[in-house]
Colleague: 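Take this structure, written in structure tokens, and hold onto it; I'll ask about it next.
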2 protein chains.
Amino acid sequence: MPQDPLFNQSLEKGLAVLKAFGTGRSTLSLAEIAERAEITKSSAQRMVHTLELLGYLAKEPGSRRMRLTPKVMELGYNYLAGDALLDVANPYLAELSRLSEETVNLTEPDGDSMVYVARFVAHRFIPIHMPIGSRIPMYCSGAGRAYLSALDHDTARALVERSPRPRHTEHTLVESREILERIELARRRGFSSQAEEIFLGDMSLAAAVVNSHGQPLAAVHIAAPTSRWRLEEAEARLAPLLIDCARNISGSFRGR
Amino acid sequence: MPQDPLFNQSLEKGLAVLKAFGTGRSTLSLAEIAERAEITKSSAQRMVHTLELLGYLAKEPGSRRMRLTPKVMELGYNYLAGDALLDVANPYLAELSRLSEETVNLTEPDGDSMVYVARFVAHRFIPIHMPIGSRIPMYCSGAGRAYLSALDHDTARALVERSPRPRHTEHTLVESREILERIELARRRGFSSQAEEIFLGDMSLAAAVVNSHGQPLAAVHIAAPTSRWRLEEAEARLAPLLIDCARNISGSFRGR
DNA sequence: CTCCATTGTATCGAATATCGATACGATCAT
DNA sequence: ATGATCGTATCGATATTCGATACAATGGAG
């Protein structure tokens, strides 16, 4: 009974196989792939065979487990390569990293998460390793709250309320009322902040990048380790630079 | 006529659609997708519909053209997240960038290209924008030659000879004899170099990262703009730091 | 503003490629 | 050495994908 005659379930299964490598281990046996992708062993066999021929999967030498090849990055890279905002933002992000001497990131929204699309790492500290493409939840991140603060109130509220809100650390805010208060504060101040709500030892300040209608496209954030900054001090010293950076990116993108 | 009864052509078509966004424009109409993916309009319709439901494609607001969503980066990110070498390398790469005050990259081999998997951008200069996931050919890049120099001679020769070798600039070496000489030199010196063979104004020095059997896994390279360095000077000052970095990564990975 | 060419969307019957089950053989752990 | 688990190959049934085509929507030209 094909409910949607245009939907192709083979493609769904194939992508589920690629996504199966996201959870946990980096090499998987066929049985594990079938289990994680929630498909039958036969389907897994076909999909793995196809992906191997196409060069996206390879047998781990010496065993029969499969692993992703660097070729899968072509798929994600195409997004980055076509992202006009990223091109515009890069020099401003580099400058902010130079001025602040801290790690600076650009993230874009997807569902209820923010996705890292650019990252300039400060020299003096290697913080939590967050490669391009990784995700942080909107509700408890500075970047997410900055993004939400540039949406209209009802849209932001709806997003927060329907998002799962696990407690990552003892400091994570999980009550939607509290979170919405922080978003309201961010709206007034022009930037948002977050202290140790995702990782202990890590704070962040963030500001939204907006289009010509004021709608948010992305967020810039500075990662400030608690070992070097108190929150108040970071807000006083870094927030003006941050807001300036986000405003410059927004302005340049408009005139692109 | 299913020549290979295990091969799933729907999956191939779906991935071809995602890859179609790599060539040229960042938004495509259905007709353009069908053309670039080399599939019929009907197939394109089904694949696009499916990818849209799964969240990998979205309609560009205000038009009917499609664009990739950040969600596609999940696929590529899974590779990075599972890459043990990358974890080990990061601090050493950061240190090399700090010491050299230039941009440092880690690349891994795929086919006849090297793929960027990590990048530490120097503050004082924003060179050619090469995001994670982008590729450079082995035959004319420092990283590629460093990688090839750690393979046995015959394997390296075969790779170079069967690789297409377009001339990117007036300085690009395209004769396999010349290229193999450079690889031989790299083998003796422990690092390779390249000056303006891909982009004018850009040189690079590179060294291979090897496993416990001496087989290459990746390459570290420093991008040195011609505006700041003469080749001989760069080789004298930067190569020792570079070799040290690659050796440290190799050693740490062995003991992982 | 109208018309036309092009593009996106929906539908359909045919038949092929995909489906899941199963059987066999290889591999690993005990 | 033995058994259990896992990867590989094969099969018949049929659901699902196939390409064609018809229709509607769009956008540009005149």
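Below, chains carry the letters A, B, ... as their sequence lines are ordered, and counting in each starts from 1.
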Colleague: Charged N to carboxylate O below 4.0 Å: is that the case for B:E60 and B:R65?
Modeller: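 Here B:E60 does not pair with B:R65 in a salt bridge, since their nearest N and O are not under 4.0 Å apart.
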
Colleague: I would like to know whether B:Y116 and B:H221 meet ring-ring contact (aromatic ring centres under 6.0 Å, His included); could you show each step before the answer?
Modeller: CA-CA 10 Å; B:Y116 281 74; B:H221 80 261; 5.7 Å; yes

Colleague: Closest approach of A:L106 and A:A89, non-hydrogen atoms and distance?
Modeller: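 So the two residues come closest at CD2-CB, 3.9 Å.
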
Colleague: Name the pairs: protein N/O against N/O of nucleotides 4-7 of chain D, kept only if under 3.5 Å.
Modeller:
unit_1 : atom_1 : unit_2 : atom_2 : d
D:dG7  : OP1    : A:L30  : N      : 2.8
D:dG7  : OP2    : A:A31  : N      : 3.0
D:dG7  : O4'    : A:R64  : NH1    : 3.3
D:dG7  : N7     : A:K41  : NZ     : 3.4
D:dG7  : O6     : A:K41  : NZ     : 3.4

Colleague: Looking at every strand, decide which applies to B:T40 at a 4.0 Å heavy-atom threshold: base, sugar-phosphate, or nothing.
Modeller: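 Sugar-phosphate contact only - B:T40 comes under 4.0 Å of backbone atoms but never of a base.
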
Colleague: Can you tell me how far NE2 of B:H49 sits from CG of A:L11, rounded to the nearest 0.5 angstrom?
Modeller: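 A:L11 CG to B:H49 NE2: 11.5 Å, rounded to 0.5 Å.
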
Colleague: Considering only heavy atoms, which members of residues 6-22 of chain B lie under 4.0 Å from some atom of DNA chain C?
Modeller: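 Heavy-atom contacts with DNA chain C come from B:F7, B:N8, B:Q9, B:S10.
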
Colleague: Taking OP1 and OP2 of D:dT17, is either one under 4.0 Å from a side-chain nitrogen or oxygen of B:R46?
Modeller: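 For B:R46, the contact criterion (side-chain N or O under 4.0 Å from OP1 or OP2 of D:dT17) is not met.
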
Colleague: Where do B:P131 and A:Y77 come nearest, in terms of heavy atoms and distance?
Modeller: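 Of all heavy-atom pairs spanning B:P131 and A:Y77, the closest is CG-CE1, 3.4 Å.
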
Colleague: Thinking salt bridges, do A:E74 and A:K71 make one under a 4.0 Å N-O criterion?
Modeller: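 So A:E74 does not pair with A:K71 through a salt bridge.
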
Colleague: Measure NE2/B:H49 against P/D:dC18 and give the value in whole Å, please.
Modeller: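 That distance rounds to 14 Å.
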
Colleague: Please step through side chain to side chain donor-acceptor pair (under 3.5 Å) for the pair B:T155 and B:D152, ending with a clear verdict.
Modeller: CA-CA 6 Å; B:T155 309; B:D152 69 273; 2.6 Å; yes

Colleague: Output the rounded distance in Å from CD1 (B:I39) to P (D:dG19).
Modeller: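 Whole-Å distance recorded here is 9 Å.
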
Colleague: Just wondering, do B:S10 and B:M47 contact through their side chains at under 4.5 Å, heavy atoms?
Modeller: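 A side-chain contact under 4.5 Å exists here.
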
Colleague: Starting at CD of B:E35 and ending at C1' of C:dT7, how long is that distance when rounded to a whole Å?
Modeller: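 From B:E35 CD to C:dT7 C1': 14 Å.
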
Colleague: Could you pick out which residue, A:Q45 or B:M47, lies toward the 5' side of DNA chain D when each is mapped onto its nearest nucleotide?
Modeller: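 It is A:Q45 whose nearest nucleotide is closer to the 5' end.
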
